[in-house]
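Whatever order the structure lists ligands and atoms in, that order sets their numbers, starting from 1. One is the number of the first residue; the rest follow in order along the sequence.
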Amino acid sequence: MTDTLKTDSKSYNKVAVWLHWSIGILIGLLLVIGFLMGNIPKDDISLRALVYNWHKTIGMLILVLSVVRLLWKLTHKAPAPLPGLKPWEKMVAKSLHSLFYVFMIGMPLLGWAIISTSRFPSFFFNSAKMRIPELPFWQGLDKVAKHDMHEFFEETHELMAFAGIALIVLHVFAALKHHKTGKDILVRMMPNYMRKK
Ligand code: HEM
Ligand code: HEM
């Protein structure tokens, strides 16, 4: 068996660790860009297009990586729960991890729905040759109904961003708490070369 497929039952394997940190960093980046980009002056059209299109491009990458991560999780054994956890702690950890998947996949899907109900096209890498395809579901709606859907998706995307931040705060708090009480929780999610032998 290759190293990537091996689960030593105490730690996450290479692929899970790589996906965890790359998605985590990209989500952090998009939360910052997302909340700042609304402040770009409306008349600076080229800067707005650049930042918004990169937000969308990175968001679509997160969608792909998160689907891969979900498939990986469903097809590979996760390490055993951290030893010494109370049953309610195990249940809360599991529920929070599941909510993360709703966030990691739901957030980009909502973004995709925003651009699919917009009057303006969006482009991967801000390149005029690479239009991001629109989802077909709302294309038959009249102008007003489409605009209403657009606003609904924008608001839900924003609300979900706040819910995601709350999740991340809880998650980091739990990880640091268990780390402080001597459980090797952080080590489970570290690349191999950072784990103590
Ligand atoms: C947007 C940021 C983050 C997301 C979406 C995220 C998501 C997740 C998810 C879904 C899991 C469950 C395992 C899996 O399915 O792969 C997990 C585990 C873990 N995460 Fe994060 N995470 C984020 C940031 C962080 C940060 C900043 C830390 C460091 C403090 C961290 C530390 C851990 C640890 C130690 C585990 C293993 C938990 C265990 O062994 O039960 N995560 N994370
Ligand atoms: C996990 C991935 C994503 C995160 C964390 C994220 C985060 C955010 C945040 C924090 C905002 C600002 C919300 C507000 O103040 O209204 C925002 C706005 C926006 N996002 Fe995302 N986003 C993600 C994925 C996407 C994707 C994939 C697209 C499109 C393909 C997208 C399109 C947009 C658009 C068009 C806006 C502006 C909405 C408005 O003006 O109200 N996002 N995003």
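- The structure places CG of L19 at 13.0 Å from NZ of K14, a figure rounded to the nearest 0.5 Å.
- Ligand-side atoms of ligand 2 in range of I115: 30 (C), range being under 4.0 angstrom from any heavy atom.
- Within a 6.0 Å radius of CZ in F152, no more than 12 heavy atoms belonging to other residues, nucleotides or ligands are found.
- Among protein heavy atoms, the minimum distance from atom 40 (O) of ligand 2 is reached at E154 OE2, 3.7 Å.
- Heavy atoms of F103 found under 4.0 angstrom from ligand 1: none, in either backbone or side chain.
- With ligand atoms numbered from 1 in the order given, ligand 1 contributes 1 (C), 2 (C) to contacts under 4.0 Å with heavy atoms of G24.
- Within the set M189, K90, K73, E89, the minimum heavy-atom distance to atom 18 (C) of ligand 1 is found for M189.
- The local environment of CH2 in W18 is sparse, with at most 12 non-hydrogen atoms from other residues, nucleotides or ligands closer than 6.0 Å.
- Of the protein's non-hydrogen atoms, the one nearest atom 15 (O) of ligand 1 is Y101 OH, 2.5 Å.
- For the atom pair CG of N126 and CG of L47, the computed distance is 10.0 Å after rounding to the nearest 0.5 Å.
- Taking 4.0 Å as the cut-off, R69 counts as a neighbour of ligand 1 on heavy-atom distance.
- Summary: NE2 is the N/O/S atom of H171 found nearest to atom 21 (Fe) of ligand 1.
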Derivation of the side-chain contact (heavy atoms from CB on, under 4.5 Å) call for K56 and I114: CA-CA 10 Å; K56 295 164 191 173; I114 298 177; over 6 Å; no
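- Here's the thing with W21: none of its N/O atoms is less than 3.5 angstrom from an N/O atom of ligand 1.
- Counting atoms of ligand 2 from 1 in the listed order, those under 4.0 Å from a heavy atom of M60 are 27 (C), 30 (C).
- Contact record, H157 with L110: ND1-CB, 3.8 Å, taken as the closest heavy-atom pair.
- Residue contact check for ligand 1: I185 places a non-hydrogen atom closer than 4.0 Å to it.
- Looking from atom 37 (C) of ligand 1 to the surrounding protein, the closest heavy atom is Y12 CE1, 3.5 Å.
- Each of the atoms 39 (C), 40 (O), 41 (O) of ligand 1 lies under 4.0 Å from some heavy atom of R188.
- Here the closest heavy-atom approach between residue P108 and residue F103 is recorded as CD-O, 3.9 Å.
- The shortest distance between side-chain heavy atoms of F120 and Y52 does not fall below 4.5 Å.
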Residues H150, E154; criterion side-chain contact (heavy atoms from CB on, under 4.5 Å); working and verdict: CA-CA 6 Å; H150 181 73; E154 277 187 351; 3.0 Å; yes
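- With waters left out, the protein N, O or S atoms under 2.8 Å from atom 21 (Fe) of ligand 2 add up to 2.
- Scanning both residues, H55 and I33, for their nearest heavy atoms gives ND1-CG2, 4.1 Å.
- For atom 27 (C) of ligand 1, the nearest protein heavy atom (residue, atom name, distance) is V172 CG2, 3.6 Å.
- Using a non-hydrogen distance threshold of 4.0 Å, M104 does not register as a contact of ligand 2.
- Using a 4.0 angstrom heavy-atom cutoff, I168 counts as in contact with ligand 1.
- Taking CG of D148 as the reference point, atom CG of L141 lies at 9.5 Å (rounded to 0.5 Å).
- The closest protein non-hydrogen atom to atom 36 (C) of ligand 2 is M37 CE, 3.6 Å.
- Within a 6.0 Å sphere centred on CD1 of I45, heavy atoms belonging to other residues, nucleotides or ligands number 12 at most.
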Full working for side-chain contact (heavy atoms from CB on, under 4.5 Å) between H171 and L96: CA-CA 8 Å; H171 183 66; L96 286 186; 5.6 Å; no
From CA spacing to verdict: side-chain contact (heavy atoms from CB on, under 4.5 Å), R69, H20: CA-CA 8 Å; R69 182 164 173 191; H20 175 269; 3.3 Å; yes
